[in-house]
Amino acid sequence: MKHLLKLLDLTPDEIMALLNLADQLKYEQKHGIAHAHLAGKTLGMIFAKSSTRTRVSFETGIYQLGGHGLCLSASDLQIGRGEPVEDTARVLSRYLDGIMIRTFAQKEVEDLAAYGSIPVINGLTDFAHPCQVLADLMTIREHKDTLSGLTAAYIGDGNNMANSLIVGCLKAGMNFRAACPQGYRPDPRVLDFAAGYGSKFLLTESPAEAAAAADAIFTDVWASMGQEGESAAREAVFAGKYQVNAELMKLAKPDCMVQHCLPAHRGEEITAEVFEAHAAEIFDEAENRLHAQKAVMVMLMK
Ligand code: CP
Ligand code: NVA
């Protein structure tokens with residue numbers, strides 16, 4: 001494993017190795033056991049979109065591993081003034097030991113990896129959010145002791161989270177059911193991948209069908225970063241139908257978890273009632289970004 005660009009690139013064994021390492025690093029941090037695996041190493045973090053969790057967990061994570069993190073706003077870099085990604089990749093490879101990038105086009109992340117010579121980590125694109133889904137799988141396994149054979153459901157927009165959840169959960173041995181409206185389906189490359197899993201994968205327009213007997217229900221915002229101008233049009237499609245609420249939760253298993261990558265819009269994709277009832281799991285999920293990403297950095301940069 002040279003990069004973490006998207007979960008489609010990883011084998012199931014690589015995903016499990018990352019989850020096991022994340023558990024170990026979490027244990028070490030909680031028990032005050034030194035784990036400076038990346039002493040003297042530097043991670044550059046490029047942000048073309050806002051971030052709370054990704055920014056803080058990567059910067060804290062590289063510090064806890066004995067390294068140093070540089071936070072770089074894409075608009076401050078010359079890349080924001082049109083310097084080609086090919087050149088940016090080759091320059092940053094001369095200074096840094098790894099790059100985390102959050103941007104719009106998946107191609108930019110793939111190009112950074114192709115032209116540079118250091119590991120590249122996708123910190124969210126319009127296509128994928130692999131770091132988040134590693135943390136999600138880690139959280140479900142913590143709460144349920146296993147992943148294989150469990151059923152996950154996703155209610156909402158077929159966005160970066162839906163794409164990465166489908167791939168990550170299926171590769172982890174779970175069943176997956178996605179409820180997305182017409183016109184807002186997951187990426188065709190992801191649906192092609194999922195088609196290989198037969199009845200373990202279901203795409204429906206019905207949240208009730210997706211949620212039935214689920215072990216974990218996921219949702220995400222109706223309009224992602226960069227889609228703010230579509231908010232009203234999206235609300236007209238999603239409102240009143242694609243929401244995780246108490247009525248929907250009654251269809252799932254009684255001990256069904258709820259996960260949300262955050263930020264959450266209460267009253268839109270999830271009710272405040274369901275959010276607060278599952279807040280412990282949702283904030284475990286947010287915490288696990290730190291541990292899962294430390295595992296990614298150790299795996300790629302050590
Ligand atoms: N879930 C997530 O990636 O959060 P941020 O946008 O705050 O980084
Ligand atoms: N789908 C959301 C996820 C945020 C972490 C977005 O891309 O804005």
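Whatever order the structure lists them in is the order used to number ligands and atoms, beginning at 1.
Inter-residue side-chain proximity for Gln64 and Leu25 is flagged as unmet; no heavy-atom pair is nearer than 4.5 Å.
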Once you restrict both partners to nitrogen or oxygen, which atoms of ligand 2 have a protein partner under 3.5 Å, and how far apart are they?
residue  : atom  : partner : partner atom : Å
ligand 2 : 1 (N) : Asn159  : ND2          : 3.4
ligand 2 : 1 (N) : Asn160  : OD1          : 2.9
ligand 2 : 1 (N) : Asp220  : OD2          : 2.6
ligand 2 : 1 (N) : Ser224  : OG           : 2.7
ligand 2 : 7 (O) : Asn160  : ND2          : 2.8
ligand 2 : 7 (O) : Ser224  : OG           : 3.4
ligand 2 : 8 (O) : Met225  : N            : 2.8

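The backbone N or O of Leu248 lies less than 3.5 Å from a partner atom in the side chain of Asn245, making a donor-acceptor pair.
Between Gln227 and Asp126, the side chains place no donor N or O within less than 3.5 Å of an acceptor N or O (distance only, hydrogens not considered). A side-chain donor-acceptor contact under 3.5 Å links Gln182 and Glu205.
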Identify each donor-acceptor pair in which a side-chain atom of residues 232-239 lies under 3.5 Å from a protein atom, sequence neighbours left out, and give them as a table.
residue : atom : partner : partner atom : Å
Arg234  : NE   : Glu230  : OE1          : 2.7
Arg234  : NH1  : Asp157  : OD1          : 3.4
Arg234  : NH1  : Asp157  : OD2          : 3.0
Arg234  : NH1  : Trp222  : O            : 2.8
Arg234  : NH2  : Glu230  : OE1          : 3.2

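The cluster map of Ile, Leu, Val, Met, Phe, Trp and Tyr, joined by side-chain heavy atoms under 4.5 Å apart, puts Ile140 and Tyr154 in the same cluster. Under the 4.5 Å side-chain heavy-atom criterion for Ile, Leu, Val, Met, Phe, Trp and Tyr, Leu77 and Tyr95 are members of the same hydrophobic cluster.
We find that Arg90 and Asp87 are joined by a salt bridge, their nearest charged nitrogen and carboxylate oxygen being less than 4.0 Å apart.
Residue pairs meeting the salt bridge (Lys or Arg N to Asp or Glu O under 4.0 Å) criterion with at least one partner in residues 107-121, sequence neighbours excluded, are Lys6-Glu110, Lys107-Asp111.
Closer than 4.0 angstrom to ligand 1 by heavy atom are Ser51, Thr52, Arg53, Thr54, Arg102, His129, Gln132, Cys261, Leu262, Arg289, sorted by chain and number.
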